[in-house]
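Every value quoted in this text rests on a predicted model; they were computed, and no experiment measured them.
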Amino acid sequence: MSNLQAEALDAADPLRPVRERFDLSPDLIYLDGNSLGPLPMGVSQAVQTTLDQDWQSGLVRSWNQADWIDLPEMVGEQIAPLLGAAAGQVICCDSTSVNLFKVLAAAVHLIDGPATVLTETGNFPSDLYIADGLRQLMGSDRLTIRSVPGEQLFEALDRSVSILMLTHVNFRNGALHDLRAFTQRAASLGILTIWDLSHSTGIIDLELDDAGVDFAVGCGYKYLCGGPGAPGYVYVAHRHQKSARQPLSGWMGHAEPFAFSPEFTSAQGMKQFLTGTPAILSMVALSAALKIFDGIDLQAVRHKSRQLGDFWVSCMNEAHLPVRLASPSDASDRGAQVCYHHSEAYAVIQALADMQVLGDFRAPDVMRFGFHPLFTSFTDLARAASRLTEVIQLESFKAERYQARKAVT
Ligand SMILES: *Cc1c(COP(=O)(O)O)cnc(C)c1O
């Protein structure tokens, strides 16, 4: 039944041909694009050209001749449409954690006197660590971090809060916050917003400008498929760019880096959010990877992502497995992943990988399955569900070799 349904859904899927933009083995069912996006076609070639032509032959001249120096802004502008951001508000650089530090500090600087950050207890831990690190640096008189469970967030937004710092789609269970509702409520109370879009950019039709978001950061190696350790990005609304100051004031964020002045004078616009020399090879890979979104309607992507999630849930329901849904049951409340609890989640994911289905595990007991509407098919999901059923029913996950935890789960 599921197989027939899957074939019909695939036949009607307008995004189906886009799968050819990826260098994916046809034998593998990849349900972990939310952790590391697969290799898009054209990326190897782009990196190879940078190595052979721009580095090997052009050498230091390539900073000018190959426009290396402008890559952070250029790649930022490639990402901007995915965020619903007009030009001049996005720059590509550093990791998401580092970028979050920069924008959080910049937001705190915009506030006179003691600032209170409201965030979610279940936020991505790195985001919480970064906020706490900044609090330790600035002192608890200047900065307070308040974290509450997701369901209490809206109520906790009151005038005692100065900055709302949230992750749009939860990394562990795919739960989605209403970005527009939170941002508008925050704005009505004079609260600044910082969104981490690591699990939303590329799968949701974001409208940062229209929603009135103040700051955002996100990740280049997940749905954007920029490759392992790809740089992240920063969004700062035009209205804050004159007054916002970030503390990692390195030479790349200087108005004139090659004046080598002992005094720091901040660059105008988004360049001030740069710190040190950009990772050119990674940025070239990300830039080439972003071509997967050429001509793609993000509303169609979002529509398919909801269908994929619902289809996965229906396959899992039909299988009657001893698992429990860890994600919201309504597709409107989810990003592009659907997760399940299972007491042996780690071993099950390992056994499934040996059957050519890659998902991942998040402690303590969550099996994560991520769907990328640009390459995941409904047939992939029907097959993955039947292999998962086999692993659980035949208990193949109990084998010794699936028990030992690797460094990266
Ligand atoms: C993946 C992810 C990050 C990644 O941070 P890095 O600094 O790139 O390691 C940050 N925040 C969230 C919410 C994520 O899901």
Taking [Y]'s backbone N and O only, do any of them form a donor-acceptor pair with [X]'s side chain (distance below 3.5 Å, no angle check)?
X: Thr121; Y: Val148; result: yes
X: Gln89; Y: Met270; result: no
X: Ser200; Y: His168; result: no
X: Asp214; Y: Thr193; result: yes
X: Ser266; Y: His254; result: no
X: Gln241; Y: Gly88; result: yes
X: Ser162; Y: Thr116; result: yes
X: Asp10; Y: Phe378; result: yes
X: Thr183; Y: Leu179; result: yes
X: His199; Y: Arg172; result: no

About how many Å separate [atom2] of [Y] and [atom1] of [X], when rounded to the nearest 0.5 Å?
X: Asp178; Y: Leu153; atom1: CG; atom2: CG; answer: 12.5 Å
X: His177; Y: Asp333; atom1: NE2; atom2: CG; answer: 11.0 Å
X: Ile191; Y: Leu189; atom1: CD1; atom2: CG; answer: 4.5 Å
X: Leu118; Y: Ile194; atom1: CG; atom2: CD1; answer: 11.5 Å
X: Ile392; Y: Glu390; atom1: CD1; atom2: CD; answer: 11.5 Å
X: Leu4; Y: Leu9; atom1: CG; atom2: CG; answer: 11.0 Å

Do [X] and [Y] meet the criterion of a side-chain donor-acceptor pair at a distance under 3.5 Å?
X: Thr201; Y: Tyr233; answer: yes
X: Gln268; Y: Lys242; answer: no
X: Ser140; Y: Arg135; answer: yes
X: Arg19; Y: Thr376; answer: no
X: Asp354; Y: Gln350; answer: no
X: Ser126; Y: Ser97; answer: yes
X: Thr119; Y: Asn123; answer: yes
X: Ser147; Y: Glu120; answer: no
X: His342; Y: Asp365; answer: no
X: Asp27; Y: Gln356; answer: no

Could you tell me if the side chain of [Y] sits less than 4.5 Å from the side chain of [X], heavy atoms only?
X: Leu286; Y: Leu224; value: yes
X: Arg362; Y: Phe171; value: yes
X: Val236; Y: Val234; value: yes
X: Ile349; Y: Leu358; value: no
X: Phe273; Y: Ile91; value: yes
X: Val75; Y: Val284; value: no
X: Thr50; Y: Trp68; value: yes

Are the aromatic rings of [X] and [Y] close, with centres under 6.0 Å apart?
X: Tyr235; Y: Trp195; result: no
X: Tyr30; Y: His372; result: no
X: Phe182; Y: Phe154; result: yes

Please report the shortest heavy-atom distance between [X] and [Y], naming the atom on each side.
X: Cys92; Y: Met283; result: O-CE, 3.5 Å
X: Ile292; Y: Ile296; result: O-CG1, 3.5 Å
X: Gly218; Y: Ser198; result: CA-OG, 3.9 Å

With a 4.0 Å cut-off on N to O distance, would you call [X] and [Y] a salt bridge?
X: Arg21; Y: Asp294; value: no
X: Arg185; Y: Asp158; value: no
X: Arg334; Y: Asp310; value: yes
X: Asp205; Y: Arg302; value: no

Report, as yes or no, whether the 6.0 Å neighbourhood of atom [atom1] on [X] holds more than 12 heavy atoms from other residues, nucleotides or ligands.
X: Glu256; atom1: CD; answer: no
X: His341; atom1: NE2; answer: yes
X: Trp63; atom1: CH2; answer: yes
X: Asp112; atom1: CG; answer: no

Cationic tip of Arg405 above Tyr346 ring, under 6.0 Å, 45° of axis: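 Yes, a cation-pi geometry holds between Arg405 and Tyr346.
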Ring-face cation of Lys222 near Phe124 (centre distance under 6.0 Å, axis angle within 45°):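 Yes, a cation-pi geometry holds between Lys222 and Phe124.
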Residue of the set Gln246, Lys102, Arg245 for which side-chain hydrogen bond (donor to acceptor under 3.5 Å, both in side chains) holds with Gln272: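 Single side-chain hydrogen bond (donor to acceptor under 3.5 Å, both in side chains) partner of Gln272 among Gln246, Lys102, Arg245: Arg245.
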Among Asp360, Thr409, Asn173, side-chain hydrogen bond (donor to acceptor under 3.5 Å, both in side chains) partner for Arg368: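 For Arg368, the side-chain hydrogen bond (donor to acceptor under 3.5 Å, both in side chains) check succeeds only for Asp360.
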From CA spacing to verdict: side-chain contact (heavy atoms from CB on, under 4.5 Å), Ile204, Val169: CA-CA 10 Å; Ile204 294 180; Val169 174; 4.0 Å; yes
CA sep, side-chain torsions, deciding dist, call: Asp210, Arg180, salt bridge (charged side-chain N to carboxylate O under 4.0 Å, His left out): CA-CA 9 Å; Asp210 199 56; Arg180 186 178 287 272; 3.1 Å; yes
Stepwise side-chain contact (heavy atoms from CB on, under 4.5 Å) test for Leu208 and Leu197: CA-CA 11 Å; Leu208 298 195; Leu197 304 170; 3.8 Å; yes
Verdict with supporting geometry, Tyr402 and Phe397, ring pair (Phe, Tyr, Trp, His ring centres under 6.0 Å): CA-CA 6 Å; Tyr402 299 135; Phe397 64 86; 8.8 Å; no
